[in-house]
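It should be emphasised that the depicted structure is a prediction, and the values quoted were computed from it without experimental measurement.
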There are 2 protein chains.
Amino acid sequence: MKSLSDETLSHVAKFLRAMGEPTRLKILRALHDGELTVSEIIARTQATQSNVSKHLTILTMMGILASRKEGTSTYYKIADPNITGICDTVCRSIAEKIRQERSTLNNIRKGVTL
Amino acid sequence: MKSLSDETLSHVAKFLRAMGEPTRLKILRALHDGELTVSEIIARTQATQSNVSKHLTILTMMGILASRKEGTSTYYKIADPNITGICDTVCRSIAEKIRQERSTLNNIRKGVTL
DNA sequence: TCTAAAAATGAGTATATAGGAATATACTCA
DNA sequence: TGAGTATATTCCTATATACTCATTTTTAGA
């Protein structure tokens, strides 16, 4: 962690931003259990075709997703199994953290004092 | 991972974006081993005072950092020890992934064929 | 109280990013 | 080849984000 060059740091940042978008997180979640066609991803994310297509392009350019064509369909999948792990870890940790904060806030709202 | 509400998903995304900025990653890295004053953080990140101050505000509002005042100085530290873990995991994984990709690219450039 | 240091904030600008609508491209099948 | 489907891309707009410079706020100490 100490010896990351500016360039690497910027790559890491870019990577985090690539995952830091709700629709892209939905896409990653949808692809968690295996590959899907664009149409299937559109159906699951409830986003427009154009929008999904762009997000898929971004994720692919970042090396997060990989695609293969079959007929008129394009199948996307998570490129690197490690990604799934990172994604799960981060999402679970953050979601848990947020959950805790929310309950803390709720307690404060309820007038609980320390 | 499956049952994240849209709201939670958006929080997670925000969180990832909060970390997805080079200067903020530098700040997190600088605070890895303990608290520092703003001046010290400025010195280590090589960014301007105003810029660092704003990034510190963002990270604090996201609950990633916590601060305390002492005299004219403000000390910042990583608020949640879990953050350090997440940060380390993500950075190490991604940096490693990038390292691998770079060497792959280098091999391609060198004309290595499969 | 005046001054200096530390940090935060405001104004303004430039760039990045996301989104939609329309269009282009690629492929399949009759 | 022509129609239809799946996906990608282009153009445009709106919003978000990061940055700098200048100013303000807070505190310590002469």
Side-chain angles (χ1 to χ4, degrees), chain A residues 6-7 9-31 35-79, chain B residues 6-7 9-31 35-79:
Chain A
D6 278 13
E7 198 199 343
L9 218 56
S10 142
H11 278 296
V12 173
K14 224 172 166 179
F15 205 95
L16 288 167
R17 265 176 296 153
M19 299 212 308
E21 206 284 330
T23 303
R24 290 200 284 269
L25 285 179
K26 278 191 197 173
I27 291 174
L28 291 176
R29 190 176 47 166
L31 294 173
E35 66 176 9
L36 295 173
T37 67
V38 176
S39 297
E40 289 166 332
I41 296 170
I42 291 169
R44 301 203 189 191
T45 55
Q46 306 271 48
T48 65
Q49 182 267 321
S50 153
N51 195 9
V52 167
S53 180
K54 281 173 199 170
H55 285 308
L56 290 171
T57 302
I58 290 170
L59 289 168
T60 303
M61 288 195 311
M62 288 301 300
I64 296 175
L65 298 184
S67 65
R68 70 180 175 85
K69 300 195 130 195
E70 190 175 312
T72 60
S73 298
T74 308
Y75 287 82
Y76 279 88
K77 67 174 179 184
I78 293 178
Chain B
D6 278 13
E7 197 199 345
L9 218 55
S10 140
H11 278 296
V12 172
K14 224 173 168 179
F15 206 94
L16 288 167
R17 266 176 293 153
M19 300 210 310
E21 205 283 330
T23 303
R24 290 201 284 269
L25 285 178
K26 278 190 196 173
I27 292 173
L28 291 176
R29 190 176 47 166
L31 293 173
E35 66 175 8
L36 294 174
T37 66
V38 176
S39 298
E40 289 167 331
I41 295 169
I42 292 168
R44 300 203 189 190
T45 55
Q46 306 270 46
T48 65
Q49 182 266 320
S50 156
N51 197 9
V52 167
S53 180
K54 280 169 193 171
H55 285 307
L56 290 171
T57 301
I58 291 170
L59 290 168
T60 303
M61 289 195 313
M62 288 301 301
I64 296 175
L65 298 184
S67 66
R68 69 180 176 84
K69 301 196 128 195
E70 190 176 311
T72 60
S73 298
T74 308
Y75 287 81
Y76 279 89
K77 67 174 179 183
I78 293 178

Distance, rounded to the nearest Å, where B:Leu56 contributes CG and C:dA6 contributes P: 15 Å
Rounded off to whole Å, could you give me the CD-to-C1' distance for the B:Gln49 and C:dT9 pair? 10 Å
Before you tell me yes or no, could you show the steps for A:Asp6 and B:Lys26 under side-chain contact (heavy atoms from CB on, under 4.5 Å), namely the whole-Å CA-CA distance, both residues' side-chain angles and the distance that decides it to 0.1 Å? CA-CA 9 Å; A:Asp6 278 13; B:Lys26 278 190 196 173; 3.6 Å; yes
To the nearest Å, give me how far apart CG (A:Leu9) and P (D:dA18) are. 14 Å
Counting only distance, no hydrogens or angles, is the base of D:dC19 paired donor-acceptor with the side chain of B:Ser50 under 3.5 Å? no
Within the 4.5 Å heavy-atom criterion, are A:Glu21 and A:Ile58 side-chain neighbours or not? no
Per the under-4.0 Å heavy-atom filter, residues of residues 68-77 of chain A near DNA chain D come out as A:Thr72, A:Ser73, A:Thr74, A:Tyr76
Have a look at A:Thr48 and say if it touches a base, only the backbone sugar-phosphate, or nothing, with a 4.0 Å heavy-atom cut-off. sugar-phosphate
Rounding to a whole Å, what distance do you find between B:Met61:CE and D:dT17:P? 10 Å
Round to a whole Å and report the spacing from CG of B:Leu59 to C1' of D:dA18. 13 Å
Reading nucleotides 11-18 of chain C from 5' to 3' and marking B where a protein heavy atom lies under 4.0 Å of the base, S where only the sugar-phosphate is that close, and - otherwise, the string is B-----SS
Re D:dC21: Watson-Crick or G-U wobble partner, both distances kept under 3.5 Å, found to be C:dG10
Paired with D:dT7 by Watson-Crick or G-U wobble geometry, both distances under 3.5 Å: which nucleotide is it? C:dA24
